[in-house]
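Here's the structure, in structure tokens; my notes come after.
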Amino acid sequence: LALEEEEHLKPPLNGKPLCYQLKTFPFLFACLFLCINRFRAQIMLSNVKGLLEYLGDAETGYTYTQIFVISMPASIVMMPVISMVLKRRGFIAGYALVLFLSLVYNGVSLIDNLPLQLISFAAYTNYRAFLFANHYVFVFYTFGSLTSGRVEGVMSLLGGALGLLLYPLSMITEDYENPYFAIFAFSLAVAAIPCGLMPLFWRYLRTTPGADCHH
């Protein structure tokens, strides 16, 4: 009976062929979630210096730019929190927290106020930590040790291709009166895709035995 229960709680895609795994909803969800959010994270990294300068950071001696750079490694202190969230609440809570933090930093970046960007920095640095930690745990747990590396490779390849849009995005908006508002508004609009996938992901976890790390 114990063996049957253990088998029942085993992630259903563990041990399946790679080609089979790439056709499933968990792969589609994880791939879209990672690629879109990594693209949005790259938008922030590529434009934050220009945004802060536009908001008047040059007058402070680029103090806010330096604070942003220093804040990036600070997310390491959140690693125990990430582990606790996944252990107690499962993947749906982890992904929801990633989206929440992304909406906070992205929303604040649209506000024409330099000191408020400190909130954006705090949200962004933890957003990136939660995004990648949650994603890698999900991929390894869901697809298993035999194929998770190749699954992640496919996702990274697609994410890298999406990153090529950064240059045309900057070219399109460079003549705008406030190009950074347009860029970050676009980033916020793109977040609608992973947000729309969340109810489907929640239903998948609820209806598929063993799909969640929190039983």
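Along the sequence shown, residues carry numbers from 1. Only heavy atoms go into these numbers, but all of them, side chains included; no hydrogens, no water, no symmetry mates.
Within 6.0 Å of CZ on Phe25 lie more than 12 heavy atoms contributed by other residues, nucleotides or ligands. Under a cut-off of 6.0 angstrom, the local environment of CD in Glu174 is crowded, with over 12 non-hydrogen atoms contributed by other residues, nucleotides or ligands.
In this structure, CG in Asn47 is found 10.5 Å from CG in Leu52, a value given to the nearest 0.5 Å. Separation of atoms CZ (Arg128) and CG (Leu101) is listed at 13.0 Å; rounding is to 0.5 Å. With rounding to the nearest 0.5 Å, the separation of CZ in Phe39 from CG in Leu34 is 13.5 Å. Rounding to the nearest 0.5 Å places CZ of Phe29 at 8.0 Å from CG of Leu205. Here Leu97 contributes atom CG and Arg89 contributes atom CZ; the two are 12.5 Å apart, rounded to the nearest 0.5 Å. Here the straight-line distance linking atom OG1 of Thr208 with atom CZ of Arg203 works out to 10.0 Å at 0.5 Å rounding.
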If you apply the rule side chain to side chain contact (heavy atoms under 4.5 Å, CB included), what do you find for Leu55 with Tyr180, and how did you get there? CA-CA 10 Å; Leu55 295 176; Tyr180 301 105; over 6 Å; no

Apply side chain to side chain contact (heavy atoms under 4.5 Å, CB included) to Leu99 and Phe33, showing your working. CA-CA 10 Å; Leu99 279 179; Phe33 198 98; 3.8 Å; yes

Stepwise side chain to side chain contact (heavy atoms under 4.5 Å, CB included) test for Ile70 and Phe121: CA-CA 10 Å; Ile70 294 172; Phe121 300 167; over 6 Å; no

Residue pair Cys213, Lys87: steps toward the side chain to side chain contact (heavy atoms under 4.5 Å, CB included) verdict: CA-CA 7 Å; Cys213 60; Lys87 185 179 296 184; over 6 Å; no

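The nearest pair of heavy atoms linking Phe184 to Asn106 is O-ND2, 2.9 Å. Closest approach of Arg40 to Tyr105, counting heavy atoms only: O-OH, 3.4 Å. For the residue pair Leu162 and Cys35, the shortest heavy atom distance occurs at CD2-O, 3.4 Å. Counting all heavy atoms, side chain and backbone alike, Thr60 lies closest to Leu114 at CG2-CD2, 4.2 Å. Between Tyr204 and Pro12 the shortest heavy-atom distance is OH-CG, 4.1 Å. Of all heavy-atom pairs spanning Tyr176 and Ala182, the tightest one is CD2-CB, 3.5 Å.
Looking at Asn37 and Tyr127, their side chains do bring a donor and an acceptor atom within 3.5 Å of each other.
Taken together through direct or relayed side-chain contacts under 4.5 Å among Ile, Leu, Val, Met, Phe, Trp and Tyr, Ile172 and Phe186 form parts of separate hydrophobic clusters. Ile92 and Ile193 fall within a single hydrophobic cluster, where Ile, Leu, Val, Met, Phe, Trp and Tyr are joined by side-chain heavy atoms under 4.5 Å apart, directly or via other members. There is a path of hydrophobic side-chain contacts, each under 4.5 Å, that joins Leu18 to Tyr20. Residues Leu22 and Phe140 fall into different hydrophobic clusters, defined by Ile, Leu, Val, Met, Phe, Trp and Tyr side chains chained together at heavy-atom separations under 4.5 Å. Connection of Leu45 to Ile36 is established within a shared hydrophobic cluster, with ILVMFWY side chains joined at heavy-atom distances below 4.5 Å, either directly or through further cluster members.
Judged purely by atom type and a 3.5 angstrom limit, Thr173 has no side-chain atom pairing as donor or acceptor with the backbone of Ile183. When atom types are taken as modelled, the side chain of Asp212 and the backbone of Phe91 share a donor-acceptor pair closer than 3.5 angstrom. Within the 3.5 Å criterion, the main-chain N or O of Ala41 finds a donor-acceptor partner in the side chain of Tyr124. Judged by distance alone, with hydrogens and angles left aside, the side-chain atoms of Arg38 form a donor-acceptor pair with the main-chain N or O of Ser156 at under 3.5 Å. Looking only at distances, no side-chain donor or acceptor of Glu53 sits under 3.5 Å from a matching main-chain atom of Thr65. With hydrogens and angles disregarded, no donor-acceptor distance shorter than 3.5 Å links the side chain of Gln21 to the backbone of Asn14.
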Distance-only criterion, 3.5 Å: show the donor-acceptor pairs between side-chain atoms of residues 131-138 and protein atoms not counting sequence neighbours.
| residue | atom | partner | partner atom | Å |
| --- | --- | --- | --- | --- |
| His135 | NE2 | Glu152 | OE1 | 2.6 |

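Looking at Trp202, Phe201, Phe100 one by one, the single match for side-chain contact (heavy atoms from CB on, under 4.5 Å) with Tyr95 turns out to be Phe201.
Residues Val154 and Cys31 form no side-chain contact, since every pair of their non-hydrogen atoms from C-beta on lies 4.5 Å or further apart. The shortest side-chain heavy-atom distance between Val139 and Met155 falls under the 4.5 Å cut-off.
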